[in-house]
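Order of the sequence lines fixes the chain letters, A, B, ..., with proteins taken first and strands second; residue numbering starts at 1 for each chain. FYI, side chains are in, hydrogens and waters are out, and symmetry mates aren't considered; it's all heavy atoms of this structure.
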There are 2 protein chains.
Amino acid sequence: MELTEAEFLRCYNVSLYERPSFTVDLVIFTVCDEQLRVLLVRRAEHPFKDQWALPGGFLDLQRDDSVENCAMRKLVEKTGMRAPYLEQLKTYGSRERDPRGWTATTVYFALMASNSISLAEDPEGVRWAPVQGEGVDKALAFDHAHILADAVVRLRSKLEYTHIAVHLLSEAFTLPELQQIYEIILQQPLDKSSFRRRVIQAGMLEEIAGKLRDGSGRPAQLYRFRDYGRKTFFPRSISRYAR
Amino acid sequence: MELTEAEFLRCYNVSLYERPSFTVDLVIFTVCDEQLRVLLVRRAEHPFKDQWALPGGFLDLQRDDSVENCAMRKLVEKTGMRAPYLEQLKTYGSRERDPRGWTATTVYFALMASNSISLAEDPEGVRWAPVQGEGVDKALAFDHAHILADAVVRLRSKLEYTHIAVHLLSEAFTLPELQQIYEIILQQPLDKSSFRRRVIQAGMLEEIAGKLRDGSGRPAQLYRFRDYGRKTFFPRSISRYAR
DNA sequence: CCCATTAGTTGCAACAAGAAACTATTGGAG
DNA sequence: CTCCAATAGTTTCTTGTTGCAACTAATGGG
């Protein structure tokens, strides 16, 4: 359905010029090579030409039925994955964040397993950058360093009370692998027996047949994530004071 | 700075018609009369004319420096408060949510103390509606019932690991008052001694001089919220398995 | 002065976590 | 074949937290 500008204005009773530029950006995390990494693309256009930025872009109002659909479409375009974990992070909108003026962007964060991704910087200017170190945070376009920092905070926080980390591994994984994901993201070693107790008692993993042989040492039991609809767990939450 | 449409298009390399209508809406909670209530306004225009809706509206690109500023401005306009709690909830954007076509709205949720609000429905069509019961959820315009439900989930969830409930009380409050806020929002009675232990041990409250005399019974100690910058606390978090 | 009422504390059993030592299962060297 | 390194997984014990109930404390009113 095409409208003239006049029709548009009558419909909405607000000038088109009152609308900020609106985009969708993605923070796509993976854990690879023992580091938390994020997908960056090199900007081809001004502003911030040739600097690294989070992938994203404008909505396609014809194709995208919703902001979430748009984010999912862009995620598939960039990574070619099928059923990734995708969650809305936050919307950033201000006059200052883009030198061209008022813009808003809704940012999603995604998690993907590191198998089947390529680490090498490819000619199109796409790169899996380690989140810590290498001054990644200082080199990013727009307010993307700030956005990335927020995403890392959210990711760390959600490790505490959800099972989202399983989306950073392939469908079948072992508990030592899962613990390593936690240790890499939280940047500290965890106690093995406490970690196992908690993850198992939360009851969202199930054993599957087969063991993972890793070259040396005892093979580890394989598990699969079982989504019972329960998204979070608070081991000792206030609502358990119920009498 | 005024631009012609042609300049605009050259800047952004995307048609204006590609931009969805963008608004900011508010879910303003208070606890009053032993119920969790939300501020609703009656719509004066189509669509959903005369139905109740969350307060909100378009950005003012001249006055609002950011989406958050816009939300704060609207909150002050609606409630006249000075330093309320305001947090971004989520952005809802799709072709379906408004019969006029593609729209996006960034929703903030706010908490305010129930003193100095008026409960009576005023002539301008503003109302503090109880969140539960009265079929509020079914009567709302657009997808506002869905948004309200999300806000309630977020509020309940954040009670578990933050102190945001203090923003529903005046600056000086007692622990029994705070516990009652929790019980109203979580819809279940809580154990007194466990509640007090946890809230005090989190270390974000400090005693202040004076006791609250409530007519009958022993007067209660007054407390004040002390914001140490720590926003959340997980009593037993995975990162405490650190070795 | 006693009692109802609400505030706040204490004591204890049950349970969860922290830490370390223990057993189990594999591959590989000799 | 045996032993050892290496990693997985369990057990045990101590310590701390929670659920619960009974207790004390402070106020107003009959």
Whole angstrom value for the distance that separates P of D/dT11 from CD1 of A/I200: 12 Å
What pairs of nitrogen or oxygen atoms, one from the protein and one from nucleotides 28-30 of chain D, lie under 3.5 Å apart?
none

Polar pair under 3.5 Å, donor/acceptor by atom type, side chain B/S193, base D/dC20: yes
Integer-rounded Å distance: D/dG9 P and A/D191 CG: 15 Å
Which residues share a salt bridge (charged side-chain N to carboxylate O under 4.0 Å, His left out) with A/D143, sequence neighbours left out: A/R97
Euclidean distance, atom CZ of residue B/R198 to atom P of D/dC20 [Å, nearest integer]: 15 Å
Quiz item: B/R218 side-chain donor-acceptor pair to C/dA7 base, under 3.5 Å: yes
Candidates C/dT25, C/dA17, D/dT27 - which lies nearest the side chain of A/P219: C/dT25
Candidates C/dG8, D/dA8, C/dA17 - which lies nearest the side chain of B/R196: C/dG8
Between C/dT6 (C1') and B/L175 (CG): distance, integer Å: 13 Å
Any residue meeting side-chain hydrogen bond (donor to acceptor under 3.5 Å, both in side chains) with B/Q179, in chain and number order, not counting sequence neighbours: B/E183
No-hydrogen, no-angle side-chain donor-acceptor test under 3.5 Å, A/T105 and A/T23: yes
Base C/dG18 paired with A/R197 side chain (donor-acceptor, <3.5 Å): yes
Whole-Å gap separating C1' (C/dT25) and NZ (A/K211): 9 Å
Residues that B/E171 engages under side-chain hydrogen bond (donor to acceptor under 3.5 Å, both in side chains), provided they are two or more places apart: none
Residues that A/E206 engages under side-chain hydrogen bond (donor to acceptor under 3.5 Å, both in side chains), provided they are two or more places apart: A/R224, A/R226
Under the salt bridge (charged side-chain N to carboxylate O under 4.0 Å, His left out) test, residues paired with B/R73 that sit two or more places apart: B/D64, B/E77
